[in-house]
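Keep in mind it's a predicted model, so treat the numbers as computed, not measured. For this chain, numbers begin at 1 and follow the sequence in order.
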Amino acid sequence: MDNKNPILLFLVILVPLLAAVFFIHTSILSWKGYPEYGNCIILSYVLNFLMAAIIYIGLFSFQDKIKTQIGFIFIAGSFLKFIVFFLVLYPSYKADDTISALEFAAFFVPYAISLVVETVFMAKMLQKMN
């Protein structure tokens, strides 16, 4: 599967991984007595998944055309994620003039998981390009 369809493999790894981390994340919140679905956690996981998928699929699809700039475009994708965060999630998080650890975790946990998966797949793509 790895050689035949890297996009499908990317999605087959990212979706269950994010789902498992989401389950663990919300379970810990519940266990500690916090609202499981507060702090826009569902939106954050969905946005991080969508952004990771769009960035990877876009880079994979155009890798031959953007061969020399692919690393810079990948980094730009991370900046794009932060722009989306500031436009979509930040206003809600900053409504009380502070960003709590729970709010930070609601964004950063799925961001970090998505980034790790993207980075691994981008490294594989770059190795195959050389």
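- Residues passing the side-chain contact (heavy atoms from CB on, under 4.5 Å) test with F60, sequence neighbours excluded: P6, I7, Y56, Q63, M125.
- Taking the six-membered ring where tryptophan is involved, the planes of F108 and F104 are essentially parallel, since the angle between them stays under 30° and well short of 60°.
- In this structure, the separation between CD1 on I75 and CD1 on I55 is 12.0 Å, given to the nearest 0.5 Å.
- Rounded to the nearest 0.5 Å, atoms CD1 (I83) and CZ (F79) are 9.0 Å apart.
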Please evaluate residues Y34 and N39 with respect to the criterion side-chain contact (heavy atoms from CB on, under 4.5 Å), reporting the C-alpha separation (whole Å), side-chain torsions for both, the decisive distance (0.1 Å), and the verdict.
CA-CA 10 Å; Y34 297 113; N39 302 310; over 6 Å; no
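- Relative orientation of the F82 and F85 rings is perpendicular, given thresholds of 30° and 60° on the angle between their planes.
- Residues I70 and L59 are in side-chain contact: their nearest non-hydrogen atoms beyond the backbone lie under 4.5 Å apart.
- Atoms CG and CG, on L14 and L9 in that order, are 11.0 Å from each other to the nearest 0.5 Å.
- Residue pairs meeting the side-chain hydrogen bond (donor to acceptor under 3.5 Å, both in side chains) criterion with at least one partner in residues 65-84, sequence neighbours excluded, are K81-E118.
- At a threshold of 4.5 Å between side-chain heavy atoms, the hydrophobic network of Ile, Leu, Val, Met, Phe, Trp and Tyr places I54 and I73 in two separate groups.
- Taken to the nearest 0.5 Å, the CD1 atom of I42 stands 6.5 Å off from the OH atom of Y37.
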task = May I have the step-by-step check of side-chain contact (heavy atoms from CB on, under 4.5 Å) for V116 and F121, ending in yes or no?
result = CA-CA 9 Å; V116 167; F121 274 81; over 6 Å; no
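- Rounded to the nearest 0.5 Å, atoms CZ (F74) and CG (L126) are 9.0 Å apart.
- Proximity of I41 to F107: side-chain heavy atoms (C-beta onward) are nowhere separated by under 4.5 Å.
- Side-chain atoms of S44 do not come within 3.5 Å of backbone N or O of C40 as any donor-acceptor pair.
- A heavy-atom distance below 4.5 Å is not found between the side chains of V21 and P110.
- Rounding to the nearest 0.5 Å gives a distance of 8.5 Å between CG of N48 and OH of Y111.
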* What do the steps show when you test V88 against L43 for side-chain contact (heavy atoms from CB on, under 4.5 Å), and what is the final call? -> CA-CA 9 Å; V88 178; L43 179 59; 3.7 Å; yes
Would you be so kind as to tabulate the donor-acceptor pairs closer than 3.5 Å made by side chains of residues 24-32, with sequence neighbours excluded?
unit_1 : atom_1 : unit_2 : atom_2 : d
H25    : ND1    : Y45    : OH     : 2.8
T26    : OG1    : F22    : O      : 2.9
T26    : OG1    : F23    : O      : 3.2
S27    : OG     : F23    : O      : 2.7

